[in-house]
Amino acid sequence: MSTLTSHLVTGDPAAAAAWYGSVLGAVEEGRVTLPGGRVLSIELRFGVSKLAIGDEFPDLGIVSPLTLGGSYGALHLAVGDAGAVWRRALDAGATVFEPLHEAFWGDRTGQFIDPFGHRWAIDQHIRDVPPGEVARLAAEAFGQGES
């Protein structure tokens with residue numbers, strides 16, 4: 001595993017692994033299936049990053065966002081063509097959380113909820129923005145800029 005590897009829980013890790021592969025370009029690098037068929041872990045690689053996904057184990061308090069009724073945060077994935085990934089995700093059943101747009105920090109970005117309840121942000125770098133300018137634009141975007 002990489003230095004920091006997220007582990008997502010889903011009701012159908014095999015379907016999630018296939019979805020992440022076809023939509024987001026993930027490559028499966030390993031799988032541990034338990035007796036009875038439940039999946040302990042599927043290790044996926046996204047470029048140099050790793051992500052593990054596994055089955056729900058409600059008796060242990062391990063449940064998916066669909067069971068909980070929402071997601072705790074978002075995973076950000078750097079991509080070369082945000083428009084193409086966006087279309088693939090929506091065509092494959094994702095729902096829009098934040099529309100694809102050009103953000104003040106220099107990325108083309110948008111967020112969707114995948115069919116397994118996890119929120120993803122895709123980010124395509126468009127232009128470099130100096131840190132001071134990002135801070136000023138962030139203050140304006142969140143209503144704290146100078147009038």
Side-chain angles (χ1 to χ4, degrees), residues 1-34 37-57 62-146:
M1 288 198 183
S2 54
T3 304
L4 176 65
T5 302
S6 294
H7 189 118
L8 302 181
V9 176
T10 176
D12 190 346
W19 197 93
Y20 297 151
S22 67
V23 173
L24 302 176
V27 176
E28 183 174 328
E29 294 198 327
R31 183 181 296 223
V32 177
T33 303
L34 300 173
R38 287 202 295 181
V39 174
L40 180 63
S41 181
I42 299 173
E43 186 176 315
L44 302 173
R45 181 176 43 81
F46 295 80
V48 298
S49 300
K50 300 279 180 120
L51 174 70
I53 58 176
D55 252 312
E56 291 185 297
F57 293 85
I62 301 170
V63 295
S64 75
L66 294 179
T67 298
L68 291 172
S71 180
Y72 60 91
L75 298 161
H76 283 251
L77 181 65
V79 299
D81 184 345
V85 174
W86 186 259
R87 285 186 297 279
R88 278 198 311 270
L90 296 184
D91 288 348
T95 58
V96 175
F97 183 84
E98 176 187 41
L100 191 62
H101 66 284
E102 289 196 20
F104 61 82
W105 59 86
D107 288 357
R108 186 164 187 224
T109 186
Q111 295 186 39
F112 57 81
I113 308 293
D114 70 31
F116 312 96
H118 296 283
R119 183 162 47 108
W120 292 82
I122 55 170
D123 302 300
Q124 176 185 356
H125 187 69
I126 302 294
R127 60 186 167 81
D128 292 332
V129 181
E133 183 70 1
V134 170
R136 183 185 68 75
L137 293 168
E140 285 179 10
F142 289 93
Q144 299 176 22
E146 297 177 1

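For reference, positions follow the sequence shown, starting with 1.
- Every residue two or more places apart in sequence or in another chain that forms a ring pair (Phe, Tyr, Trp, His ring centres under 6.0 Å) with F46 is listed here: W120.
- Residues S71 and G117 approach most closely at CB-O, 3.6 Å, considering heavy atoms.
- In this structure, the salt bridge (Lys or Arg N to Asp or Glu O under 4.0 Å) partners of E133, at least two apart in sequence or on a different chain, are R136.
- For V27, the side-chain contact (heavy atoms from CB on, under 4.5 Å) partners are R45, not counting sequence neighbours.
- In this structure T33 satisfies the side-chain contact (heavy atoms from CB on, under 4.5 Å) test together with R31, V39, sequence neighbours excluded.
- Atoms CG and OG, on L44 and S49 in that order, are 12.0 Å from each other to the nearest 0.5 Å.
- Across all non-hydrogen atoms, the minimal contact from A141 to F104 is CB-CE2, 3.9 Å.
- Residue pairs meeting the side chain to side chain donor-acceptor pair (under 3.5 Å) criterion with at least one member in residues 12-23, sequence neighbours excluded, are Y20-D114.
- Taken from CD in Q124 to CD in E102, the straight-line distance is 8.5 Å, to the nearest 0.5 Å.
- By the side-chain contact (heavy atoms from CB on, under 4.5 Å) test, L68 pairs with V63, sequence neighbours left out.
- Residues V129 and W105 fail the side-chain proximity criterion, which asks for heavy atoms closer than 4.5 Å.
- A salt bridge (Lys or Arg N to Asp or Glu O under 4.0 Å) check over residues 62-77, counting only residues at least two apart or in different chains, returns nothing.
- Considering only residues two or more places apart in sequence or on other chains, A135 meets the side-chain contact (heavy atoms from CB on, under 4.5 Å) condition with none of them.
- Rounding to the nearest 0.5 angstrom, the gap separating the CG atom in D55 from the CD1 atom in I62 is 10.5 Å.
- Atoms CD1 and CG, on I122 and L100 in that order, are 5.5 Å from each other to the nearest 0.5 Å.
- Remark: D128 engages H125 in a side chain to side chain donor-acceptor pair (under 3.5 Å) (not counting sequence neighbours).
- Atom CG of L51 and atom CD of E28 lie 11.5 Å apart (nearest 0.5 Å).
- When all heavy atoms of P13 and G54 are compared, the closest pair comes out as CG-C, 3.8 Å.
- The nearest pair of heavy atoms linking G11 to S64 is N-CB, 4.2 Å.
- Minimum interatomic distance between A52 and T5 (heavy atoms only, all atoms of both residues): N-CG2, 4.0 Å.
- Checked against side chain to side chain donor-acceptor pair (under 3.5 Å), R119 has the following partners two or more places apart in sequence or in another chain: Q111.
- With sequence neighbours left out, D123 forms a side chain to side chain donor-acceptor pair (under 3.5 Å) with H76, T109.
- No donor-acceptor pair closer than 3.5 Å links the side chain of E43 to the backbone N or O of G30.
- Here the straight-line distance linking atom CD1 of I53 with atom CZ of F116 works out to 8.0 Å at 0.5 Å rounding.
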Side-chain donor-acceptor contacts of residues 79-89 below 3.5 Å, not counting sequence neighbours, with atom names and distances?
residue: D81; atom: OD1; partner: G83; partner atom: N; Å: 3.2
residue: D81; atom: OD1; partner: A84; partner atom: N; Å: 3.1
residue: R87; atom: NH1; partner: G83; partner atom: O; Å: 3.2
residue: R88; atom: NE; partner: V23; partner atom: O; Å: 3.1
residue: R88; atom: NH2; partner: V23; partner atom: O; Å: 3.0

